[in-house]
Number of protein chains: 2
Amino acid sequence: MASHKREHFTAAEQQLAAVAKALGHPARVAIVRLLAQRRVCVCGELVLELPLSQSTVSQHLKELKAAGLVQGEVDGPRVCYCLDAAGWAVARRLFGDLLAEMPVAAAPDAAGCC
Amino acid sequence: MASHKREHFTAAEQQLAAVAKALGHPARVAIVRLLAQRRVCVCGELVLELPLSQSTVSQHLKELKAAGLVQGEVDGPRVCYCLDAAGWAVARRLFGDLLAEMPVAAAPDAAGCC
DNA sequence: TACTTTTATCGTCGATTTACGATTGCAAAT
DNA sequence: ATTTGCAATCGTAAATCGACGATAAAAGTA
């Protein structure tokens, strides 16, 4: 249906893109995994585990916070970072909805494009 | 570049980041959804559905192809794009593995960070 | 107060992304 | 062979990203 161009993308598309973008860097994937394993929690410990400088890690944490995947609470002189369960619930829903629309490789070749 | 702390990131982390990055733009999310709905299939039709120029859409398709989520087969003068089921299977596994590590909001507050 | 520790922010740099119009290439039709 | 139509690529410009060192801010300690 050759309709007119859409002014914007849907809210779900933009939210999903935002979360996916936050996970679109190996360092940020590594950070959330480290936080999930509870092996580390404080920014300084993350720096020790990652091949990045302190300022770069802090920047990645800022982006993960902006995406709602991580939250940090001040604990004295340091900051304790942990995963935001609510944010991950949203991410689960968004990715789940998208993947539900996508093809399953039931048929081996299954291309059958057009 | 001058990184000398630990090893780099795992293969899974890099693969996941690559797929997430490909989905990290609303236009690319919209494209795969349009392809999934089978409403459109050809580049030109995608252009009509999106608020982007032909060259920009082609560029997004190229990135989705590079990420293994889309494949295009030449069909006469036009190109028929379709989702790559194998690529989506990989994406499912990568995201599934990551989400399996992430917290579920079972416990309401559950922060209990440190 | 002064000092230390920890993290956030600033400023900068190069690389990449995003977008576009214009051009090229390719396959079918004339 | 020429024309037509669609898609990929080129070239370019603005914006963003990713990284770093340096510096500031905040909190505890001496």
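Every chain is numbered from 1 and lettered A, B, ... according to where its sequence line falls, protein lines coming before strand lines. Computed from heavy atoms alone, side chains included, the values below leave out hydrogens, waters and symmetry copies. Being a predicted model, the structure only gives us computed values, none of them experimental.
When rounded to the nearest whole Å, the span between NE2 of B/His25 and P of D/dT16 equals 11 Å. D/dA8 atom P lies 13 Å from atom CG of B/Asp75, rounded to whole Å. Distance, A/Leu50 CG to D/dA19 P: 10 Å, rounded to whole Å. The CZ atom of A/Arg78 sits 11 Å away from the P atom of C/dT5 (whole-angstrom rounding). Nucleotide C/dT7 holds its P atom 9 Å from the CG atom of A/Leu46, rounded to whole Å. One atom, OH of A/Tyr81, and another, P of C/dT7, lie 8 Å apart when rounded to the nearest Å. Straight-line distance from the CG atom of A/Leu52 to the P atom of C/dT7: 15 Å, rounded to whole Å.
The CG atom of B/Leu23 lies 11.5 Å from the CG atom of A/Leu94; values are rounded to the nearest 0.5 Å. Expressed to the nearest 0.5 Å, how far CG of A/Asp97 lies from CG of A/Leu16 amounts to 9.0 Å.
Formation of a donor-acceptor pair under 3.5 Å by the B/Gln14 side chain with backbone atoms of B/Phe9 is found in this model. Under a 3.5 Å cut-off, the side chain of B/Arg28 and the backbone N or O of B/Leu64 do not form any donor-acceptor pair.
Between A/Arg28 and D/dG18 there is a side-chain N or O to OP1 or OP2 distance below 4.0 Å.
You'll find the side chain of B/Val19 stays beyond 4.5 Å of the side chain of B/Trp88, heavy atoms only. Within the 4.5 Å cutoff, no side-chain heavy atoms of B/Met102 are placed close to those of A/Leu69. Counting heavy atoms from C-beta outward, A/Gln54 and A/Val57 have side chains that stay 4.5 Å or more apart. At least one side-chain heavy atom of B/His60 sits under 4.5 Å from a side-chain heavy atom of B/Leu52. Contact check for B/Val79 versus B/Val42: no side-chain heavy atoms found under the 4.5 Å cut-off.
Relative to the side chain of B/Val79, the nucleotides D/dC17, D/dA7, C/dT5 differ in distance, and D/dA7 lies closest.
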What protein N or O atoms touch nucleotides 21-25 of chain D N or O atoms at under 3.5 angstrom, if any, and at what distances?
unit_1: D/dG21; atom_1: N7; unit_2: A/Ser55; atom_2: OG; d: 3.4
unit_1: D/dG21; atom_1: O6; unit_2: A/Ser55; atom_2: OG; d: 3.3

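Comparing B/Gly24 and B/Val74 by the nucleotide of DNA chain C that holds the closest heavy atom to each, the one mapping nearer the 5' end is B/Gly24.
Of the residues in residues 57-66 of chain B, those placing a heavy atom less than 4.0 Å from an atom of DNA chain C are B/His60, B/Glu63, in numerical order.
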